[in-house]
2 protein chains.
Amino acid sequence: MVAEQLDAPNPETLVAEAKAAFRDGAMLTVQARCEVAYEGRTSGHLGPGDRILVAKPDGTFLVHQPTGHKPVNWMPGGGSVSARTSDGDAVLLARRTNPSERVEARILDAYGLTRFDATDGATYEESGTEAEMHEYIEANPDALEEGLRVVEHERESKYGFIDFFARDGNGTPVVVEVKRIQATLNHFDQLQRYVSLYREENDEVRGMLVAPDASERVRRALRDNGLEFVALSEFDTDAKGAMEAKLTDF
Amino acid sequence: MVAEQLDAPNPETLVAEAKAAFRDGAMLTVQARCEVAYEGRTSGHLGPGDRILVAKPDGTFLVHQPTGHKPVNWMPGGGSVSARTSDGDAVLLARRTNPSERVEARILDAYGLTRFDATDGATYEESGTEAEMHEYIEANPDALEEGLRVVEHERESKYGFIDFFARDGNGTPVVVEVKRIQATLNHFDQLQRYVSLYREENDEVRGMLVAPDASERVRRALRDNGLEFVALSEFDTDAKGAMEAKLTDF
DNA sequence: GGGTCGATCTCGCTC
DNA sequence: GAGCGAGGTCGACCC
C-alpha cells in the first residue's frame, strides 16, 4: 500500500496519522480549512481558508492556496514537522534553526488526508542552463570575437567572480560576463564592478557583456562606460531546436 | 462534499476526474509514479519515480519529489492544465504562452487522487519587511547618523530608484540604500550606480548602504569607492522582540 | 560555516 | 508589454 487516504479525519485521527507518517518518513498531504502563522525572518498571519498542506520527510512543509505558484507559507527542508491537538484542533508545526523559524497551521476542518510512502531515485536532467552556455563559450571563444582566447574561467577577484578572463587578438585583457537571458542593468553593474578593478591598474582592459539580447538602456549604459555588448543567440537557438525535436506533440 | 478521494484510479478514471476538476475550478492532487518533461526557457527530463502532482484552477501545476522545498517541475499560473490518455497512460499537461512552455507528466501508476473544491478569501499579512524598515528610518533618521535629515523617500531619479535622498548636518546630499538583510555585492552595485551618476553633476555627494550586516568584501568595495556602510540592527532586534511575544509557545 | 551567484527564479510595481 | 527591484528568496558550489 503506497498511498493511504482518509476522508474528513477528526483531529485525533489526523494527528495520529500525521505522527505515524513523520515517523515512517512518508509524505503527508492534507486538504483543510486552516489558519497559518509564520514566525522567523519576518512574521505573518493568514486567516481561515481552504488550502493544501504538504509535509515531506526532510522537514519541508508547504501551504498552498487555490491560486499561485508559490506556497503562501513554507518551511525549507532541514528542520522537522510535528503534530498535536490544541483546543480541540489538530495543529501542524514545522520548525528549524539557523535561521530560527516556524510555521504553524491550525486545522479547523480537515476534508482529506493522504499518506504517501514515496520512493524516488531519479534526478532531474536539464539543458539550456548558463553552465552549458559557459561550456559552449569555452569551446568556441570565436563565437564572441575572432581571435579571442579564454585565459581563465570563473576567475576570483577582489570584487567577486569573473565569468571569463580572456585576451583579444592584440593581447588586450577582456573581462567577459555571460547571461543566459536578456541582459539587465544589474548585469551591466556587475561587469562594471569587475572592469573598474582592472582599470585602476591597467588602463587598457575591455569589458564584454554576452547575452541573447539587451534593452536599449543597457546597451547605452555599456557604450557610455566603454563596455561592449555581444549578442550570442546561436547557443540558445541550437539548444532549443535540438530539444524541441525530442518532445512528442500533444 | 468539499474534497473527494479516489484510491488507485485507473488512467481513464483519473483523466475523467481531472477533466471534471479543471472544468469546475477545483484543485487536484495526485500521488503517482510518473515521468516528467519540461520544455520552455530550458528543457529537462525526470525519469520514473513517486511524486505528488498538484494542479490549481489558475493553471498552476506542481511536481513535488519526496524531498526539497521547490517543485522539481512546475508551471506558474496563467496557463492551463489538461488531461488525456496516451499509450494507455494518463498524462497531465500544463502549458502557457509568453513565454511558451509546457510541463508534461506521464502517470505510470496512480496511487491516489483528491479533488478539492477550495474557497479561500484570506490574504497573507506580513510584518518585518523592508517597507517597515523604511518607516522606521523615516521616523528615526538619527539612527543612521546624528543630524541626518530625510529629504525624500523613494526618490525616482533619472539614475534609478533611490531609497532615501537625505542631507547630513553640513547640508551635503546623501544617497541612502536600505537592505533588510545582510548586504551583498549586488547591493553595492546598486548604490554605486546611483552615486556615480549623481557625482557626474554634483561633486559632493555621499553614498550610504544601510543593512544589518555586510561581508568584508562588500565593506571593502564600499570603502574603495568612497561609500559608507551603516550597520542598522536596532530595527531588526526591536521587531523580533515584539513579534516573538505574540506567538504562543508550542 | 560564510560568500557569491544562478534561477524555467516568482511577484509586484511602474511606465 | 517591458523594465526594474525585492524575496522569509532557494539551491549549488567554492572556500
Worksheet item: Does the ring of A:Tyr159 carry A:Arg193 above it, NZ/CZ under 6.0 angstrom from centre and within 45° of its axis?
Response: no
Q. Looking at A:Arg217, does any N or O in its side chain come under 4.0 Å of the phosphate oxygens OP1/OP2 on D:dC4?
A. yes
Between the side chains of A:Arg41 and B:Glu126, is the shortest nitrogen-to-carboxylate-oxygen separation below 4.0 Å, so that they form an ion pair? no
Between CD1 of B:Ile162 and P of D:dG5 the distance, given in whole Å, is 11 Å
Ranking A:Asn98 and A:Tyr159 by the position along DNA chain C of their nearest nucleotide, the one closer to 5' is A:Asn98
Does a salt bridge link A:Asp213 with A:Lys179, judged by any charged N lying under 4.0 Å from a carboxylate O?
no
Separation of D:dA2 atom C1' from A:Glu216 atom CD, nearest Å, is 14 Å
note: A:Gln190, atom CD; C:dA7, atom P; distance rounded to Å ~ 12 Å
Give me the distance, rounded to whole Å, that separates D:dG8 from D:dC4 when you measure between the P atoms they each carry. 23 Å
Whole-Å distance, B:Leu197 CG to D:dC4 P, equals 13 Å
Note to self: Considering every strand and a 4.0 Å limit on heavy-atom distances, what is the contact class for A:Glu154: base, sugar-phosphate, or nothing?
What the structure shows: nothing
Heavy atoms under 4.0 Å, any strand shown: does A:Thr184 hit a base, just sugar-phosphate, or nothing?
-> nothing
Inset, instruction - Measure from the side-chain N and O atoms of A:Arg84 to the backbone N and O of A:Leu93, and report whether any donor-acceptor pair falls under 3.5 Å. - result: no
| said: Base, sugar-phosphate or nothing for A:Phe188? Non-hydrogen atoms, less than 4.0 Å. | reply: nothing
Residue pair B:Glu177/A:Gln182 against DNA chain D: nearer the 5' end by closest nucleotide is A:Gln182
- Salt bridge A:Arg95-A:Glu39, side-chain N to carboxylate O under 4.0 Å: no
Whichever of A:Arg193 and B:Pro71 has the more 5' nearest nucleotide on DNA chain C, that residue is A:Arg193
A:Leu185 atom CG is separated from D:dC4 atom C1', nearest whole Å, by 8 Å
Applying the 3.5 Å cut-off to both distances, the Watson-Crick or G-U partner of D:dC4 turns out to be C:dG12
To the nearest angstrom, the CZ-C1' distance between B:Arg219 and C:dG2 comes to 14 Å
* Do B:Leu227 and B:Val175 touch side chain to side chain, with heavy atoms closer than 4.5 Å? -> no
Separation of C:dC5 atom C1' from B:Asn186 atom CG, nearest Å, is 8 Å
Should B:Leu92 and B:Ile107 be marked as a side-chain contact (heavy atoms from CB on, under 4.5 Å) after you check the CA-CA gap, both sets of side-chain angles, and the distance that decides it? CA-CA 8 Å; B:Leu92 297 181; B:Ile107 295 171; 4.1 Å; yes
Atom CG of A:Asp189 and atom C1' of D:dC4 are separated, to the nearest Å, by 11 Å
B/S/- along nucleotides 8-15 of chain D (protein heavy atoms under 4.0 Å) is BSSS----
